[in-house]
Structures are given as structure tokens and as C-alpha cells.
Amino acid sequence: MRTHFCGALNKDNIGQVVEICGWVNRRRDHGGVIFLDVRDKRGIAQVVINPNNTDFALAERIRNEFVLKVNGSVIARGQGLTNPKLPSGEIEIIAQHLQILNPSKPVPFQIDAADTSEEIRLKYRYLDLRNNAMQKRLKVRSKVTHYMRAFMDKHDFLDIETPFLTKATPEGARDYLVPSRTHLGEFFALPQSPQLFKQLLMMSGFERYYQIVRCFRDEDLRADRQPEFTQLDVEASFMNEKEIMALMEMMIRGLFKSVVGVDLGDKFPTISYAQAMEKYGTDCPDMRIPLEIISIDELLTNIEFRVFSEPAQNPKSRVAAIKVPGGAHISRKQIDNYTKFVGIYGAKGLAYIKINKDGPASPILKFLGAEASQNIIDKVDAKTGDIIFFGADKVKIVNESLANLREKLAQDLDLFNQDWAPIWVVDFPLFEVNNNNTLNTIHHPFTAPRVGIDELEKNPTTALSHAYDLVINGSEVGGGSIRIHQADMQQKILKLLGIDETEAQDKFGFLLNALEYGCPPHGGMAFGLDRLVMLITNSTSIRDVIAFPKTQTAACLLTDAPTQVPKKILRELNLEVRLPKKD
RNA sequence: GGAGCGGUAGCUCAGUUGGUUAGAGUGCCUGCCUGUCACGCAGGAUGUCGCGGGUUCGAACCCCGUCCGCUCCGCCA
């Protein structure tokens, strides 16, 4: 149907007779001569229709987004007529023959407009996807998945599909449910991840498995969270933590090099979970930011100022500081904004000390006293022109507010000192303690502890796990662990989680049974494909790297899903819809 | 469940202290135009001011409720 792509035409094609197909990006009708910018997946070329053309009358009817086939010869543009903004700007096509393959109604928004609201873009997603930025991002996504498949295949991993219609899991995120017609009153769940299936594949002896697979979690959405998202899911037998991490690191490094030409360096640094929480207040620190959180509890246990001394004395609380070099110029108004900002995370205030030329200045100086103030300034090594921010509260509140403040300060003051900063986070605790004193796994219930059963029994809360996360620029792009491969250990973990033997058999019986038939040591990792592509394409929203995403209320503006279904279909499933009463 | 921001022409937005006929740019339509590339010039058409109530002589504007979009908290093993 065509001989060339619009966007691929250049000086080399001068003199050739070509046939192109595409959409009218813009028309410029001069009455005598008509210019059409014709767009295909490769780009744009200018088509010229002269008044003596037999199809001139046809050309006058052409509007934006009409689909055309154009026959013509490629000529060099005259002097002063070139367009440096277009890769094809040195040439144009003198049309000989025009064909309208399909007209178009006036489109609701200009395809190349950058300011169309997201609501309109999502409603007409098929038009929005014609936009060059969206085309580019989805091309990157395709390149990423292609690289992953090639890498995994090269390293002897088998692509094996796992079920979408599967068993509801008691823990973790809310499941999406699918009613069963053949088992009335019973439901499938869509997988939150293929975790147990990939472990079973290890027990089946495949040794190396991967899958680029959709996962489903019925939780509230965020700028980087969709209810259905894609993972590169990986599992291997007879590989230890170090070996898996090294292989996955090789893949990520090669992927960045191959897809965007970025060199991530030879060896990613590693930080322990405890260190990450101490220095950055989060388990996914953005290492591009040269700011650290510094604990100052021990300087403040004996002062009068109870806002600081009480949390300093309480082991469940923390007093910590962030020093911002050169930050003393931050205005009172801006500090008020930051105070409001940390309030989101539960902080009751945001104390600060500015180091001015004439000495420290702060509303809390008189409460701290000269000695404590100086101790703090010495400890964080503050110089004239710096500002120190403080957090003093429960550990969780201090960590979350200062971690987020650190990132906000970096954005506002442009403190990033490198483009890419990958880091492995390791030595995660196995459990976290809930408010009601029950235990929750930090990774998932199948993660192997670093201790034996007896030690685990004695001190479950201090046990570390064989889990590891890969964080790039503060974004958790992947995580994994060595799994439990002994039935008794698996049973012990479930028990510690408050799942008794009956329930364990009911929910995980198939896994517990399988573990008893010669399960190899195994482990793996999963990467969030969407977040990885977000990073690589520098996108601020996960919706920008998904062709047909959901809105914040988990709806599709294009198809209008979800919708009610006919009563007849519900009857077949023996389901009845009861909406909450409204008063 | 909660906090914040937004919803006015096809699109992007303005709209003063509540005041009589709701605007701009762009797109669309018509006419003119042979070198533009966000073409230009002239003219024209286009409104459920998200929706429902209330206050008022009078509401795009104030109040209450509700829906939708975005960001965040909770939630996301």
C-alpha cells in the first residue's frame, strides 16, 4: 500500500516517486497551493498540492485527521523553504495523486496539543495515543519488554503462563473476584501476583522461570499505582541471594544501556534496611539527594524542652534533624508550607534553626538552651547559611515526615546531584508488629528467614529475612527474596502470622503438600514494569505508560467500565446486587 | 473513610463586591489568498456555567448536598 514512511523521508529520497499513507496532522490552504502535513508512525512529511493537480478539488475537502494515500515525487525544498523543526524538513512531496482513505469528523482536541486535560484524553484515548509523546512512551515500553524477554531467554529462563482465574488469598491486598457459574456461590480471584505458581514451577523442576504478567490488586490508586499492573516475574532454583541479585542487576544495567543509552555503573551499592531507615527514613531512598537524616536523641535526653526530651527518652520515638546546606534563605512562608507538608504524615510541627551570619536563629532556641543548640549544630556540622529541620515524635512519624521533606526539599531547591542512582536494599526484617500486637510479614509469608526455627520462635520480631529490593531514584522498581523450601518452616511462619493449621491447610495446603515432595532451594524477584518504564521515560504518571489506564476511582473513561450487567446474567450466577441505602 | 485542587463554548482558560446581553484564544463553518509549516486576512455560528436543592428582587459567583477528574493520607503481604 505504501513505499515509504513519512517520517523516514529525507534528502536521500530526492528524485524518488513515493507512495505514503497517514493522517493529516495539519493543512495549510493558500487558495492556490495547499500544504498537508501527513503523519504516520514514524513522523511527519509535507505534501504539496499545486493548483494544476487533477485532485486539487479533492484536496480542498481534506481536513485534519483525514486518512490519506499520497502518490508523488520527493523534491528538495527551495532555499529558505526548509523547516529545521522537521527531520524531513529538507524535502517535500509534490503530490501527483491523492486518495482519501477515510475522512474524519473534527477531532475534539488537536492531536499535538500538549495542554489537553487528562479527562478528555482518556475519554478519547484512541486519539490521544496518536500523540507523539504517547507513541514514544509505548515504544519504549515495547523495547523494555523485548529486552527482558531476550535477556531471560538467553539465560535459560522459560516463559510459562500461570492462571488468571485462581484462588483468593487471605493476606495482602484486596482481591478482584470473579464469580463461578459452575460452582454457584463460589469465586475465583485474579492473582495479586503469580507468587505461589512460580514456586510450584520450581518444585516441578523447571529451575528457571519468567513471565511478563498482569497482576491485580483492588486497592486505591495513586499516580504510580493501577489496579492492574504488569510485572516481570522471575524465579530460579539453586541460586542464592547474591547470584539472583547479580543476574537481575545485569539485566537492569543492560536494559538501561540498550533502551536509553544510560550507564548505571558497574556495581549497584547496597544498603541495609536499618541503615536506610536511619539515614533516609524510608526503605526506598532516592540516592540522588545529598541530604541525610541524623539522629540527635542522645543530645536531648536531659534538656528541659519536653517537645524534644520526651521523644528523645522514648525508644519508640525519635528526634532527628536534616541539615540543608545554604538553606537559611528559605522564607518563613515557605517554612510554613513545609510545616503543613509534614503535617500530612502526622508531624505536629516543624522546628528549625537557621544559621545566620550573626549566629543561630530559631523560635525554639530559647527552649533548647545554648548548649543543646550548639551540640546539635556540631553534630550535623551546620555552617553559616545552612538551615536545620527537626522531627520529634514516634519513629514512624519522624521517618515519614523527614523522608518526604527530604524529597520535597530536593525538588524545590534542585538538590539532585546525579541523574540515576540505583541501590539495593537488603537485610529486611521478616516481620513488622501491628498495632494490635500481631505480626505481619514485610515481604510476603513465603520469604525465608535468616534464622532457624528455634531462634525464630524465640525472637520473631528481630529476625531478618532473605529479601531484597531494587530502588532507582527513590522508586522501588523490584523486589524479591529467597523462599522457604521446607514445609516445617513454612508452617511455623504461617503460625506466627496467626494462621492456624486448619486454615493453613485450607488456604495453602497445596503449597505445604508440594514442599514435602523434594522442593529445591529457590528464590526470585519481580519488577514493576510500569514503574520501570515511568522512570525511563521520565513520566510523572503511571497512566502515561499504559495504553488504556483507569482513573483514580478505577474506572475506564473510554469504555465506561465498570457497568451494571443485565439481571439475566446475574441470575445465571445466582447473584443479587444490593446497593447501600442512602438517606 | 479523610485532606487539598479543579469542573464555564469542541478544546485550553478568564469572568471584578452577587447586577441586567457570560467573554478570550484556538478549533469549526463561509469567503479571499500560489511557499506555508501553530500560514494569513475578513465574516459567522456555537453555552445544561458538572448535577440537585437553598439564600436573594436577582446566582457562573454565596450556602448545603452530590457526581466526575487530579494530587495526597489511610489502604497497597
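Reminder, nothing fancy here: chain letters follow the sequence lines and each chain counts from 1. Excluded from the calculations below are hydrogen atoms, water molecules and symmetry mates; all remaining heavy atoms, backbone and side chain alike, are included.
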- Task: Using the C1' atom on both, measure A59(B) against G2(B) and round to a whole Å.
- Result: 30 Å
- Return the nearest nucleotide to the side chain of L557(A); candidates are C75(B), G69(B), C37(B). G69(B)
With the criterion being N/O to N/O and under 3.5 Å, what pairs connect the protein with nucleotides 28-31 of chain B, and how long is each?
residue : atom : partner : partner atom : Å
C29(B)  : OP1  : R63(A)  : NE           : 3.3

- Can you tell me the Watson-Crick or wobble partner of U20(B), both distances under 3.5 angstrom? none
- Message: As a test of reading the structure: which of G35(B), G74(B), C33(B) is closest to the side chain of F35(A), going by heavy atoms?
- Response: G35(B)
- Task: Grab the CG-C1' distance between N434(A) and C75(B) for me, whole Å please.
- Result: 13 Å
- When all nucleic acid strands are considered with a 4.0 Å heavy-atom cut-off, which category describes S88(A): base, sugar-phosphate, or nothing? nothing
- Item | Stretch residues 223-234 of chain A: residues that reach within less than 4.0 Å of RNA chain B through a heavy atom | A223(A), R225(A)
- Task: Can you label the angle between the F428(A) ring and the Y273(A) ring as parallel, tilted or perpendicular, going by 30° and 60°?
- Result: tilted
- Note on the structure: Which of F216(A), Y176(A), F197(A) passes ring-ring contact (aromatic ring centres under 6.0 Å, His included) with F164(A)? It is F216(A)
- Task: Could you work out the separation of G40(B) and U26(B) based on their C1' atoms and round it to a whole Å?
- Result: 15 Å
- Tell me which nucleotide among C72(B), C37(B), U34(B) gets nearest to the side chain of I344(A). C72(B)
- Message: Taking the nucleotide of RNA chain B with the nearest heavy atom to each, does T553(A) or E219(A) sit closer to the 5' end?
- Response: T553(A)
- Task: Counting heavy atoms from C-beta on, name the nucleotide in C76(B), C73(B), G35(B) closest to the side chain of Y345(A).
- Result: C73(B)
- Message: A38(B), OP1 or OP2 - any side-chain N/O from K85(A) closer than 4.0 Å?
- Response: yes
- Message: If we ignore hydrogens and angles and just use 3.5 Å, is the side chain of Q226(A) paired with the main-chain N or O of K550(A) as donor and acceptor?
- Response: yes
- Item | K495(A) atom NZ: more than 12 heavy-atom contacts under 6.0 Å | no
- Of the non-hydrogen atoms in T551(A) and L221(A), which two are nearest, and what is the gap between them? O-CD2, 3.2 Å
- Among the nucleotides G69(B), C75(B), G35(B), whichever has the atom closest to the side chain of A555(A) is G69(B)
- Item | Residues D336(A), R332(A); criterion salt bridge (Lys or Arg N to Asp or Glu O under 4.0 Å); working and verdict | CA-CA 6 Å; D336(A) 285 348; R332(A) 179 60 205 261; 3.4 Å; yes
- Item | Between A22(B) and C32(B) - P atom distance, rounded Å | 33 Å
- Query: Hey, does the side chain of R543(A) come within less than 4.0 Å of G69(B)'s phosphate (OP1/OP2), counting only N and O?
  - Reply: no
- What does T82(A) touch in the nucleic acid at a heavy-atom separation under 4.0 angstrom: a base, only the sugar-phosphate, or nothing? base
- Message: Please report the distance separating the C1' of G44(B) from the corresponding atom of U34(B), rounded so that it comes out in whole Å.
- Response: 26 Å
- Item | Euclidean distance, atom NE2 of residue H444(A) to atom P of C76(B) [Å, nearest integer] | 16 Å
- Item | Residue of the set T461(A), L456(A), L496(A) for which side chain to side chain contact (heavy atoms under 4.5 Å, CB included) holds with L430(A) | L456(A)
- Query: What is the pairing partner of G69(B), taking Watson-Crick or G-U wobble pairs with both distances under 3.5 Å in any strand?
  - Reply: C5(B)
- Rounded interatomic separation in angstrom, taking CZ from F216(A) and P from A77(B): 16 Å
- More than 12 heavy atoms of other residues, nucleotides or ligands under 6.0 Å from CG of N538(A): is that the case? no
- Does a side-chain N-to-carboxylate-O contact under 4.0 Å join E65(A) and R39(A)? yes
- Within residues 107-133 of chain A, find the residues that approach RNA chain B with a heavy atom at under 4.0 Å, and present them sorted by residue number. P108(A), D115(A), T116(A), S117(A), E118(A), E119(A), I120(A)
- Task: Please step through side-chain hydrogen bond (donor to acceptor under 3.5 Å, both in side chains) for the pair S193(A) and Q231(A), ending with a clear verdict.
- Result: CA-CA 8 Å; S193(A) 87; Q231(A) 283 187 345; 4.9 Å; no
- Tell which nucleotide pairs with C41(B), taking only Watson-Crick or G-U wobble pairs whose two distances are both under 3.5 angstrom. G31(B)
- Between atom CZ in R28(A) and atom P in G27(B), what is the gap in whole Å? 13 Å
- Task: Pick the C1' atom in A60(B) and in G43(B), then give their distance to the nearest Å.
- Result: 30 Å
- Can you tell me the distance, in whole Å, between the CG atom of D37(A) and the P atom of G35(B)? 17 Å
- Verify the neighbour count for atom CD of E219(A): are there more than 12 heavy atoms of other residues, nucleotides or ligands below 6.0 Å? yes
- Task: Fit a plane to each ring of Y345(A) and F341(A), take the angle between them on a 0 to 90° scale, and name the class: parallel (under 30°), tilted (30 to 60°) or perpendicular (over 60°).
- Result: perpendicular
- Task: Assess whether one donor atom and one acceptor atom, taken from the side chain of D220(A) and the base of C75(B), lie less than 3.5 Å apart.
- Result: no
- Query: Taking the same atom, P, in U46(B) and in G10(B), what whole-Å distance lies between them?
  - Reply: 11 Å
- Which nucleotide, in any strand shown, forms a Watson-Crick or G-U wobble pair with U26(B), with both distances under 3.5 Å? G10(B)
- Message: Measuring from atom CD1 of I49(A) to atom NE2 of H30(A), what distance do you get when rounded to the nearest 0.5 angstrom?
- Response: 11.5 Å
- Can you tell which of A77(B), G69(B), G74(B) lies closest to the side chain of E400(A)? G74(B)
- For the side chain of R222(A), starting at C-beta, report the closest nucleotide among C70(B), U36(B), C72(B). C72(B)
- Item | Candidate nucleotides C39(B), G1(B), U36(B), ranked by approach to the side chain of R26(A) - the nearest | C39(B)
- Item | Atom pair distance, as rounded to whole Å: NZ in K105(A) and C1' in G27(B) | 15 Å
- Pair E432(A) + K396(A): basic N to acidic O under 4.0 Å: no
- Message: For the C1' atoms, the ones on C41(B) and on U36(B), what distance do you get once it is rounded to whole angstrom?
- Response: 15 Å
- Message: side-chain hydrogen bond (donor to acceptor under 3.5 Å, both in side chains) for S88(A) and Q46(A)? Distances and angles first, verdict last.
- Response: CA-CA 8 Å; S88(A) 69; Q46(A) 174 165 278; over 6 Å; no
- Item | Atom P, compared across C64(B) and G6(B): separation rounded to whole Å | 15 Å
- Shortest side-chain distance from Q46(A), nucleotide among C37(B), C76(B), C70(B): C37(B)
- Query: How would you label the contact of L81(A) with the nucleic acid (heavy atoms, under 4.0 Å): base, sugar-phosphate, or nothing?
  - Reply: base
- Query: How many Å lie between CZ on R531(A) and P on C76(B), as a whole number?
  - Reply: 14 Å
- Message: What's the closest nucleotide to the side chain of H30(A) if the choices are G69(B), C39(B), G74(B)?
- Response: C39(B)
- Message: Heavy atoms only, 4.0 Å cut-off, all strands: where does L86(A) land among base, sugar-phosphate and nothing?
- Response: nothing
